[in-house]
There are 2 protein chains.
Amino acid sequence: MNTRTALLNSAESAARQRGYDGFSYADLAQEVGIRKASIHHYFPKKADLALELLERYAAGFMDDLAEIDTANSSAADKLRAYHTLYRDALVDGTQLCLCVAFSAGRDSLPEPVLRVLNQFHADSITWLTRVLSIATDDGSVAGLTDAEAEAHATLALMEGAQLVARAADSAAPFDRATAAFIARLSAPSTH
Amino acid sequence: MNTRTALLNSAESAARQRGYDGFSYADLAQEVGIRKASIHHYFPKKADLALELLERYAAGFMDDLAEIDTANSSAADKLRAYHTLYRDALVDGTQLCLCVAFSAGRDSLPEPVLRVLNQFHADSITWLTRVLSIATDDGSVAGLTDAEAEAHATLALMEGAQLVARAADSAAPFDRATAAFIARLSAPSTH
DNA sequence: ATGAAACTACCTACCACTAGGTAGGGTGGC
DNA sequence: GCCACCCTACCTAGTGGTAGGTAGTTTCAT
């Protein structure tokens, strides 16, 4: 594998475990099998690495959302898939969504990284609002009134559920916290 | 003011802004007006400080919950007050609930601190489950089915809403994310 | 009532260690 | 010959933490 990609991969899992301040060039160097100084050849500053890392992550996430859109026809199915995305990102409570991990330590984030982070949130809200609007029309989510308000609530719920799971070092709290949300969705389409 | 208390206060606001790794003895020393080494007189290790800090915070939070219980009779009112607690802790999106701030960087937390953190979550769930059970009976929260599941969801929602607000450095996202929750509560009692 | 002992609350000066980052050199493939 | 790639060696600034000292206060037996 490409050294550059190896560095990004290593940085991603470290950042999702310990946040932006929680991983160092020394860590990456050891894991990738390269000298610390050599990393600067690919990423002159840590800010450069973090920016590319988050951009890659956000892009991948948006791709996943697009794929969810094509693979699932009903709004309820899309939301179930969205939930699975966050659930799978947990990996037994050891890893967070990169955006959750970065949000917490936002004070130490370089400004460009912060912009991408906010863009990620905005894009997530756009997607959720669209799907929840469909759900409002077809009635596949129980008790829906305001799609946009519900979109913000859903995003906060997923991120918060990840956080409590991380604190407990287990995926169980995530499942408990999101059970009520899943219960509101109409039965899966079986075509 | 007591030097010890001044140190705890300074540490609290710093930790709620930047997490456990994000504040140093040097920072505290400067803010309190004392030499760095002198802090060790009160708190030999940073772990000691963090433990006492979180214990104080958790105790204060539980006191607030007890006060909410006596000051509000209806379940809906109690939940509104609970929401206000998290909302007020934000301070324009610059400060998080200490437990949210600590959860994110849980890897660097000393083990005793982690225990108090998990206890805080457990106590919160207990309180929420009790209040939501009452709400299930008196019907003051719309669309309630499982009180305990809803308790976990509510905690995750509050913590997640704080997190997105922190990322945006504004309280507005918190209000948007929790609007749907508030809308489910029956009208305030006016006696 | 007084003087020694002990304690509180700070200080200066330092430790070992890690962080991100830099300067400059070697080497192998196009 | 060039340049991507990786190296050794080093820097500055910070981290939590320690050693040892010093005023001022409290305690207490004589």
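Here is the naming used below: chain letters follow the sequence lines, and residue numbers restart at 1 for every chain. Please read these numbers as outputs of a predicted model, since none were measured by experiment.
- Other residues, nucleotides and ligands place more than 12 heavy atoms under 6.0 Å from the CG atom of Asn2(A).
- Separating the CD1 atom of Ile39(B) from the C1' atom of dT8(C) is a distance of 17 Å, rounded to the nearest angstrom.
- Base engagement by Lys36(B) is indicated by at least one non-hydrogen atom pair under 4.0 Å involving a base atom.
- A salt bridge links Arg87(A) to Asp175(A): one of the charged nitrogens lies within less than 4.0 Å of a carboxylate oxygen.
- A heavy atom closer than 4.0 Å to some atom of DNA chain C occurs in Phe23(A), Ser24(A), Tyr25(A), Ala26(A), these being the qualifying members of residues 5-29 of chain A.
- For the residue pair Arg56(A) and Asn9(A), a side-chain donor N or O sits within less than 3.5 Å of a side-chain acceptor on the partner.
- Nucleotides of DNA chain D lying under 4.0 Å from heavy atoms of chain B occupy a range whose first and last members, 5' to 3', are dT15(D) to dT18(D).
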Heavy atoms under 4.0 Å is the rule here; annotate nucleotides 24-30 of chain C 5' to 3' with B where the base is hit, S where only the sugar-phosphate is, and - elsewhere.
-------
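- Counting heavy atoms from C-beta outward, Leu85(B) and Leu65(B) have side chains that approach closer than 4.5 Å.
- For the 3.5 Å distance criterion, the side chains of Asp138(B) and Ser140(B) qualify, holding a donor opposite an acceptor.
- Under 4.0 Å is where a charged nitrogen must lie from a carboxylate oxygen, and between Asp48(A) and Lys45(A) no such pair does.
- Side-chain atoms of Thr126(B) and Asp123(B) include no donor-acceptor pair closer than 3.5 Å.
- In this structure, Arg35(B) atom CZ and dT8(C) atom C1' are separated by 19 Å, rounded to whole Å.
- The aromatic rings of Tyr82(A) and Trp127(A) sit parallel to each other, their planes meeting at less than 30°, with 60° as the upper class boundary.
- The local environment of CZ in Arg130(B) is crowded, with over 12 non-hydrogen atoms from other residues, nucleotides or ligands closer than 6.0 Å.
- Between the CG atom of Asn2(B) and the C1' atom of dA9(C) there is a distance of 12 Å, given to the nearest Å.
- A salt bridge is absent between Glu150(A) and Arg176(B): the closest approach of a Lys/Arg side-chain nitrogen to an acidic carboxylate oxygen does not fall below 4.0 angstrom.
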